[in-house]
Amino acid sequence: MLVETQEEAPKIREPLRRVGITNLRIIAKINWKGKVYTFIPVFEITIDLPAEKKGIHMSRLVESITEAMSEAVEEEVMEAHSSLEELGRAVIRRLESKHPHRRAEVWIKTHLIIPRETPASGKTSYEPYDVEVGVIKNEDGTFEKVLRVRVIGNTVCPHAMANNNGKTHIQRAIGELEVRAGYDEKIELEEMIDVVESSFSSPTYTLLKTVDENAVVQRMFENPKFVEDVAREIFAKAKERFNGKIHVRVISNESIHKHDVIAETWS
Ligand SMILES: Nc1nc2c(ncn2[C@@H]2O[C@H](COP(=O)(O)OP(=O)(O)OP(=O)(O)O)[C@@H](O)[C@H]2O)c(=O)[nH]1
Ligand SMILES: [Fe+2]
């Protein structure tokens with residue numbers, strides 16, 4: 001007979017808000033607009049723990065994830081989940097029948113690979129973006145979601161350009177956009193990525209033929225921006241498009257310093 005240590009009273013009767021599993025890697029399939037994508041996401045799943053319980057039954061959180069995945073893999077994937085947030089909610093729904101809790105969170109971190117067309121040769125280039133989706137079931141049973149995208153672009157400094165007959169310093173920059181909204185709000189990760197990527201001096205590309213490289217350099221110099229300009233542009237576009245709490249952070253890896261510069265704002 002197994003001893004259920006988790007059910008015993010702890011020495012220190014403090015409730016814990018988030019207890020669970022993190023850095024769990026697994027396979028996931030998403031049927032996004034009729035096309036099947038396979039991901040190797042990293043999961044974090046937590047529930048609250050009341051003051052009178054020593055611990056949670058950790059394996060039940062893992063079971064909620066593995067069972068939600070198997071329903072996708074075994075029943076072939078057309079019944080699979082239509083978005084990462086829908087997958088997160090399906091995991092929480094399974095957890096409800098396995099482990100008592102009042103509040104639950106599932107965080108799914110992965111990469112989206114989006115095919116883009118190069119600016120001059122029109123070839124297909126596959127661009128990687130870091131995305132993270134959080135699905136939160138509140139104590140009143142309502143669901144909210146947090147969508148995060150991280151995009152690599154570039155900035156051309158307008159200040160050096162104005163003071164050096166057009167010569168200037170150029171650097172890669174990273175734009176991070178987070179939208180926190182009610183679960184049913186229609187917000188697409190791809191659209192969030194486009195908002196960030198269109199706010200740099202120029203997007204970056206994996207594949208660039210010489211004609212493409214020329215086009216990117218032309219566009220960069222036609223579009224000099226401070227790190228502040230990029231953050232403001234992302235924020236303004238995101239407020240217009242997405243109904244939720246917006247958080248923007250841009251870091252420019254300055255090529256003239258050993259440090260970076262940052263601009264951040266939120267609604
Ligand atoms: N709460 C808690 N569990 C831990 C900790 N370290 C390891 N464990 C887990 O204890 C789990 C086994 O306990 P349960 O999940 O309750 O497994 P079980 O009792 O066989 O299964 P159930 O019948 O579903 O309760 C293992 O999966 C371990 O990951 C810890 O620090 N806290
Ligand atoms: Fe147990």
Side-chain angles (χ1 to χ4, degrees), residues 1-32 36-112 128 130-150 176 178 180-184 189 247:
M1 174 63 180
L2 295 173
V3 176
E4 288 291 10
T5 322
Q6 298 89 340
E7 298 304 318
E8 293 167 6
K11 238 190 347 263
I12 300 169
R13 288 171 180 262
E14 269 300 331
L16 297 174
R17 291 181 188 277
R18 298 184 77 237
V19 179
I21 307 270
T22 191
N23 298 328
L24 183 146
R25 277 161 299 175
I26 191 166
I27 190 165
K29 291 192 174 216
I30 302 287
N31 169 6
W32 176 248
V36 175
Y37 293 85
T38 301
F39 293 89
I40 314 279
V42 178
F43 267 82
E44 177 165 296
I45 173 170
T46 65
I47 53 176
D48 60 298
L49 178 67
E52 62 277 8
K53 292 266 168 114
K54 183 178 181 57
I56 71 168
H57 298 268
M58 293 278 183
S59 66
R60 300 183 196 173
L61 279 61
V62 179
E63 280 173 335
S64 306
I65 294 174
T66 49
E67 287 169 13
M69 288 318 122
S70 56
E71 97 194 350
V73 176
E74 270 141 36
E75 291 151 22
E76 273 323 303
V77 77
M78 291 323 280
E79 286 74 57
H81 311 295
S82 59
S83 67
L84 289 169
E85 53 266 41
E86 203 274 323
L87 170 59
R89 187 164 66 167
V91 170
I92 292 179
R93 287 290 186 224
R94 280 183 177 278
L95 187 56
E96 283 168 342
S97 59
K98 287 183 179 299
H99 202 307
H101 62 269
R102 293 183 311 164
R103 185 175 186 283
E105 294 184 17
V106 170
W107 291 85
I108 304 170
K109 222 183 230 178
T110 189
H111 310 290
L112 272 193
D130 295 331
V131 298
E132 184 171 13
V133 171
V135 179
I136 298 158
K137 186 183 92 178
N138 296 307
E139 293 179 18
D140 62 3
T142 58
F143 278 82
E144 60 182 305
K145 63 186 174 189
V146 182
L147 304 178
R148 291 179 183 145
V149 298
R150 184 175 179 279
E176 296 170 346
E178 174 187 284
R180 185 178 284 264
Y183 182 85
D184 295 324
L189 289 169
H247 193 125

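Numbering of ligands and ligand atoms starts at 1, following listing order. A quick note: this is a predicted structure, and the numbers were derived from the prediction, not measured. We number each residue from 1, following the sequence as shown.
Aromatic ring pairs are classed by plane angle as parallel below 30°, tilted from 30° to 60° and perpendicular above 60°; the pair His99 and His57 is tilted.
With Glu96 as the partner, the side chain to side chain donor-acceptor pair (under 3.5 Å) test is satisfied by one option alone out of Lys98, Arg93, Arg94: Arg93.
Around ligand 1, the residues contributing at least one heavy atom under 4.0 Å from the ligand are Glu4, Gln6, Gly55, Ile56, His57, Met58, Ser59, Arg60.
A cation-pi geometry, defined here as NZ or CZ lying under 6.0 Å from the six-membered ring centre and within 45° of its normal, holds between Arg89 and Phe143.
For His57, the N, O or S atom with the smallest separation from the Fe ion (ligand 2) is ND1.
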Query raised in the report: side chain to side chain contact (heavy atoms under 4.5 Å, CB included) between Glu176 and Arg148: does it pass, once the steps are laid out?
Result: CA-CA 7 Å; Glu176 296 170 346; Arg148 291 179 183 145; over 6 Å; no
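The distance from the Fe ion (ligand 2) to the nearest N/O/S atom of Glu4 is under 2.8 Å.
With hydrogens and angles left out, the side-chain atoms of Asn138 and Glu144 include a donor and acceptor closer than 3.5 Å. Residues His111 and Asp130 have side chains that bring a donor and an acceptor to within less than 3.5 angstrom of each other.
Counting heavy atoms from C-beta outward, Trp107 and Thr22 have side chains that stay 4.5 Å or more apart.
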